[in-house]
Amino acid sequence: MAEIKLNNVCLEAGGVRLLYDASASFRSGEFIALIGPNGAGKTTMLKCALALMAPSTGTVMLDGRTIADITPLQRARLVSYLPQSRPLAWPVRVRDVVALGRYAYGASITKLKGEDDAAVAEAMHDCDLDHLADRRTDTLSGGELARVHCARAFAAKAPLLIADEPVASLDPSHQFQIMALIRAYVDNGGGAVVVLHDIALAARFADRLIWMKDGEIHANGNPDETLTAARMKQIFAVNAIVAQDKNDWSLTLTGECA
Amino acid sequence: MKDRALIPLLSSIAFAAIIAACLIGSTAMSPGRLLAALAGAGSTGDAIVLWEIRLPRAIAAFVVGAALGLCGAALQGLLRNPLAEPGVLGVSACASLGATLALFYGAAALSPITVPVAAISGALAATALLAFAAIHTSSVVTLILIGFGLSSFAGALMALLLNLAPNPFTLSDLISWTLGSVANRSFDDILLAAPFMAVGLVFIVLSRRALSALSLGEETAHGLGVDLPRARGFVILGTGLITGAAVSIAGAIGFIGIMAPHLVRPLVGYDPARTLTPSAILGGVILVLADIGVRLIPAPSELRLGVVAALIGAPAFVWIAIGRGRANG
């Protein structure tokens, strides 16, 4: 179990307000989707939650302690992070990338033992990477690479996962595949906070949606309560028809608002 | 696993290369005489040639090559670029400028430790500047350009010192620093530099895992639990100390730090941590072999090791840069 709590977090950089009065809590056992237009402050909020950025005012607590006071290794054991940009400097092997997920436990990627070895093997298996273990990452397709990064994040076995657009630029079937992996991770006791642009996908998989715009949180609740045509208009300035059949959601966008 | 066989294999090659360097010379020494001299049994002449001339020279070449190979691999891991290297980034040039200044102003006469300290200060100043630049720009081209500017500036100051040299003796002293050589080095020269190298090595070894994690970019590395400011600081201190110490032994020798890691990387799955040790050994081997070449090539005056290294290394640099350009589309 772990919990990140943001209390009235504001962040200004160069006179621009990136985040304003954001309060939210991310905890194990819950799948949260962050939704909002580009520049809404989603990534900024996640970076504050990870101590990658320091808030101008407000506090970020991880398990009751100010996040900036927690050592990087301690933090990494509680929260694993899948950033939006995932550059690979070298064409390293798939197994080595996944093994880096065990960094916080002091594992050396060349000599994995015991728990580390088991965690890496399980993450590789869950993400269907067994047959790719020895491949160089520069020979993989986009879908395969996305699974490698997910496996790396899962291998940490952290109680919380923060993922920034994990399904961007993937085809629909790979999007479902990655979302199902995250869902399974949450069902097994993990907690996930995921930035998504496909709202129907978010509503289908997530327990809670956090709607953001212009650096502020506008709504925070389950899909049934918060995903409405009015909300789409408020957040994205588009007209939408929202239809729901149990857990299946569909959105039809009918144009921009005047 | 070929990874595991690589280090023993390279070590054997290194050993063989150092033996060869002892056997080969203006007068060849037979293996029998070499063994006798090693055991302290042979003629006094052989003993002097081996212990005072050939072995220190071979060891100096190996140590300097290993130092540069290791620093190249570490800097490339930190900056995530295969073209980063103490020579290319101007670290070696600043170190030899430091050493030259100490020689020029006679500080070297005060204590033998002055030259290594001056060289290391030059190297640390350059590495710190580069690291500062690396934090503020993500563009590797910018960084290489800054290194190029740094090395040109250090070169210009060197030229100024040469220009102002009061007599031919100082001039030739200064020139030997800029060209780089391991001729006439003694074990004392190596021992003087050794403590700095040892401390630098500790810093590099402590950053091994962080270098691996940095293959995934700085943001992911942060998420993995890497203390980025600490990792940067350690690699900078480590490479500064080691490069400065290497320069204090042999002057500026470029490109070894590019060639060795480039050859090693595909053999260790491109992992920056696993690249370190083999790069060091291979760097040592390259320089020992280049030094044998220097001694064998008939020339009116002996070729300088740094000149030969640059003649091989500069084309290699261009080759790697072209390959990289192609890979990036």
Side-chain angles (χ1 to χ4, degrees), chain A residues 43 46-47 49-53 70-111 133-139 145 148-149 152-153 155-156 158 160-164, chain B residues 1-4 6-7 73 75-84 138-140 205-231 261-262 264-278 323-324 326-329:
Chain A
T43 298
L46 294 185
K47 285 186 176 175
L50 283 154
L52 262 170
M53 291 173 120
I70 297 176
T71 68
L73 288 177
Q74 281 177 320
R75 187 202 61 235
R77 287 181 201 177
L78 293 171
V79 193
S80 89
Y81 177 40
L82 193 55
Q84 192 173 344
S85 75
R86 303 187 274 265
L88 279 160
W90 315 103
V92 275
R93 289 191 278 244
V94 168
R95 186 187 284 106
D96 290 347
V97 174
V98 180
L100 279 172
R102 301 301 292 174
Y103 182 91
Y105 297 88
S108 159
I109 61 171
T110 43
K111 290 174 285 226
D134 289 314
R135 281 271 290 276
R136 280 169 51 159
T137 42
D138 61 347
T139 64
L145 208 48
V148 172
H149 288 292
R152 193 271 299 156
L160 278 176
L161 167 72
I162 291 183
D164 201 346
Chain B
M1 294 283 286
K2 57 181 171 185
D3 292 27
R4 244 157 251 164
L6 187 63
I7 292 176
L75 283 173
Q76 287 158 24
L78 180 73
L79 302 173
R80 299 184 295 288
N81 187 288
L83 297 177
S138 53
S139 155
V140 171
V205 168
L206 287 175
S207 348
R208 276 174 64 92
R209 287 190 337 110
L211 292 178
S212 288
L214 275 167
S215 337
L216 305 184
E218 297 205 341
E219 230 181 294
T220 302
H222 170 95
L224 289 172
V226 175
D227 188 336
L228 287 175
R230 197 185 91 135
H262 183 72
V264 162
R265 212 171 272 122
L267 305 174
V268 296
Y270 293 86
D271 171 30
R274 266 176 285 178
T275 308
L276 294 173
T277 311
R324 208 179 135 70
R326 209 182 292 134
N328 291 351

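The chains referred to below are lettered A, B, ... by the order of the sequence lines, with proteins before strands, and numbering in each begins at 1. Computed from a predicted structure; not experimentally measured.
Neither the backbone nor the side chain of Ala156(A) has a heavy atom closer than 4.5 Å to any heavy atom of chain B. Glu218(B) does not touch chain A: none of its heavy atoms, backbone or side chain, sits under 4.5 Å away. Neither the backbone nor the side chain of Ala221(B) comes within contact range of chain A; no heavy atom of the residue lies under 4.5 Å from a heavy atom of that chain. Looking at Arg265(B), only its side chain comes within 4.5 Å of chain A, counting heavy atoms on both sides. Contact of Arg77(A) with chain B is not made at all, since no heavy-atom distance falls under 4.5 Å.
Between the side chain of His222(B) and the main chain of Tyr81(A), no donor-acceptor pair closer than 3.5 Å is present.
Ranked by heavy-atom pairs under 4.5 Å with chain B, the list Val92(A), Leu88(A), Leu52(A) is led by Leu52(A). Chain B forms the most heavy-atom pairs under 4.5 Å with one residue out of His149(A), Arg75(A), Arg86(A), and that residue is Arg75(A). Here Pro82(B) is the residue among Ala273(B), Pro82(B), Gly77(B) with the most heavy-atom pairs under 4.5 Å with chain A. Comparing Thr137(A), Leu50(A), Asp96(A) by how many heavy-atom pairs each has under 4.5 Å with chain B, the most go to Asp96(A).
Heavy-atom minimum distance, Gly223(B) versus Ala76(A): O-CB, 3.4 Å. Here the closest heavy-atom approach between residue Arg274(B) and residue Ile109(A) is recorded as NH2-CD1, 3.9 Å.
If you take CD on Gln84(A) and CD on Glu219(B), they are separated by 8.0 Å, rounding to the nearest 0.5 Å. Taken from OH in Tyr270(B) to CG in Asp138(A), the straight-line distance is 7.5 Å, to the nearest 0.5 Å. Between the OG atom of Ser215(B) and the CG atom of Leu100(A) there is a distance of 6.0 Å, given to the nearest 0.5 Å.
For the side chain to side chain contact (heavy atoms under 4.5 Å, CB included) with Tyr103(A), the qualifying choice from Leu216(B), Thr220(B), Val226(B) is Val226(B), the only one to do so.
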